[in-house]
Peer 1: 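Got a structure for you, written out below as structure tokens; questions coming shortly.
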Number of protein chains: 2
Amino acid sequence: MTKETTSRARKPKRGQTREALMAAALDLVVKKAPFSSLSLREVTKRAGVVPTAFYRHFPDMSALGLTLLDESFRTLRHMMRQVRQEELPNERMLRGSLEVYFNYVRNNRAHFLFVSKELAGGTPTMRNAIRREIRMFTNELAMDMARFPFLNHVNAEDLQMMAGLVVNNVTALTQEMLELEEDDEFGQNQVLGTAEKQLRLIYFGVGFWKSKADQ
Amino acid sequence: MTKETTSRARKPKRGQTREALMAAALDLVVKKAPFSSLSLREVTKRAGVVPTAFYRHFPDMSALGLTLLDESFRTLRHMMRQVRQEELPNERMLRGSLEVYFNYVRNNRAHFLFVSKELAGGTPTMRNAIRREIRMFTNELAMDMARFPFLNHVNAEDLQMMAGLVVNNVTALTQEMLELEEDDEFGQNQVLGTAEKQLRLIYFGVGFWKSKADQ
DNA sequence: AAATTAAGTGTACAGGTGTTGACTTAAATC
DNA sequence: GATTTAAGTCAACACCTGTACACTTAATTT
């Protein structure tokens, strides 16, 4: 990661064991247990490699975990950025964004399951990393809301509060969606519909609230 | 639990080991790891008892977990019932309910931490039990909302949606509060304040939303 | 007072765990 | 082509795990 001393980068092409280890861990998280309770041996076994080979790629399991976390959020951030820089928010854009997001969740089930379980049950390091990431999303959302014409009379603190409400709720609905069977399209659409209604309430509700109770 | 065959109940007064085991497990959950990754031996050690003594009280660890879950929700339900049957909802009642609730959370930190970690990381049995319990709270809340004069023109489905929004959010804030240090009163008050603002938005927002967009 | 039962202890075993060190081998660099 | 380095294997260790079985002991029932 830090070393690139010589002129030409030397890439170990042969061993994609590193990726295999990460995939194995993710796999075990999906169909067995939270990451925190996976054993090194179990992961290497599933990766089709001898236990000691693990140390060629990670110092210990928690390092693997952090790498997995990084991977999860790097691609998620990428997607979020694409969603954000679409045209100005309007009526249909809310539904559209939610569809893109939940579609992404469905296509990255393993990563979301991993993150979801670690958010509550992981080591403090893990939990903090995840919470920091979520806080970042909340801040960005608050900034986007500020450009929403309907909301431009709402102060920064209240925007933050609203964004928190949205993020908390979407997080919960994501976990709900992860509990559904992968092919339960009915259930998934139901969650999506609920999400849309709830966000609509939040967005439109604040207009009323602010104009009435400014005290 | 089921047996009470003879005339007089025979209580094993000597061994409060059962309670000790439950307390030990809860203790370990607070300061170490999610319940799922506790070992039987570690629990018995902390309870000050030999490993095999465990089997006199529970068939295995997951039975202990379910008992713990039962205990957690039995007292929580009791508190909720008291909060609910207060006088009709009004302005100050929102704040009051939240204070009672979060105070309860603070006084039952271990149980909430346990539940919070199991909600995402537990066995399917555990997760379902918890989710069922939460769904129950949501339903009860929806019923309470129906009696709210401000909301009596909202149909059942939307009430359910609103209640879900409230419960999701309070759940998230509960987890946020559990991450704070026990003596961080400032942070705790901040969470409480956020909660109040957010719920106010939900409650008052819907009035505007429904009267405007009935479509 | 005798008998029964609940609840504790100690020993033992088979298996899983993380990590060590020395060895092999294939690829990348010189 | 020789050498260095990255990435794999194998064997061994000390420890922790759940659970079976036989044993003790105190309390409750009879």
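Naming: A, B, ... by sequence-line order, numbering from 1 per chain.
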Peer 1: In whole angstrom, give the distance that lies between atom CZ of A:F54 and atom P of D:dC10.
Peer 2: 19 Å

Peer 1: Without decimals, in angstroms, what is the distance between B:R56 CZ and D:dA20 C1'?
Peer 2: 12 Å

Peer 1: Can you measure B:K32 atom NZ to D:dC16 atom C1' for me and round it to whole angstrom units?
Peer 2: 11 Å

Peer 1: Does any donor atom in the side chain of A:Q198 or B:N168 lie under 3.5 Å from an acceptor atom in the other side chain?
Peer 2: no

Peer 1: Identify, with sequence neighbours excluded, every residue that meets ring pair (Phe, Tyr, Trp, His ring centres under 6.0 Å) alongside B:F73.
Peer 2: none

Peer 1: For B:F137, enumerate each residue passing the ring pair (Phe, Tyr, Trp, His ring centres under 6.0 Å) test, keeping only those at least two apart in sequence or located in another chain.
Peer 2: none

Peer 1: Send over the distance from B:E19 CD to C:dA7 C1', rounded to a whole Å.
Peer 2: 14 Å

Peer 1: Phosphate oxygens OP1/OP2 of D:dA6: is one of them under 4.0 Å from a side-chain N or O of A:H57?
Peer 2: no

Peer 1: Within the 4.0 Å limit for protein heavy atoms, which parts of nucleotides 14-20 of chain C are touched? Write it as a string from 5' to 3', B for base, S for sugar-phosphate only, - for none.
Peer 2: ---BBBB

Peer 1: Partners of A:E157 by side-chain hydrogen bond (donor to acceptor under 3.5 Å, both in side chains), sequence neighbours excluded?
Peer 2: B:K197

Peer 1: By salt bridge (Lys or Arg N to Asp or Glu O under 4.0 Å), which residues pair with A:R109, not counting sequence neighbours?
Peer 2: none

Peer 1: Specify the separation, in whole Å, of atom CD of B:Q16 and atom C1' of D:dA27.
Peer 2: 14 Å

Peer 1: Under the rule for salt bridge (Lys or Arg N to Asp or Glu O under 4.0 Å), what residues qualify as partners of A:E140, not counting sequence neighbours?
Peer 2: A:R84

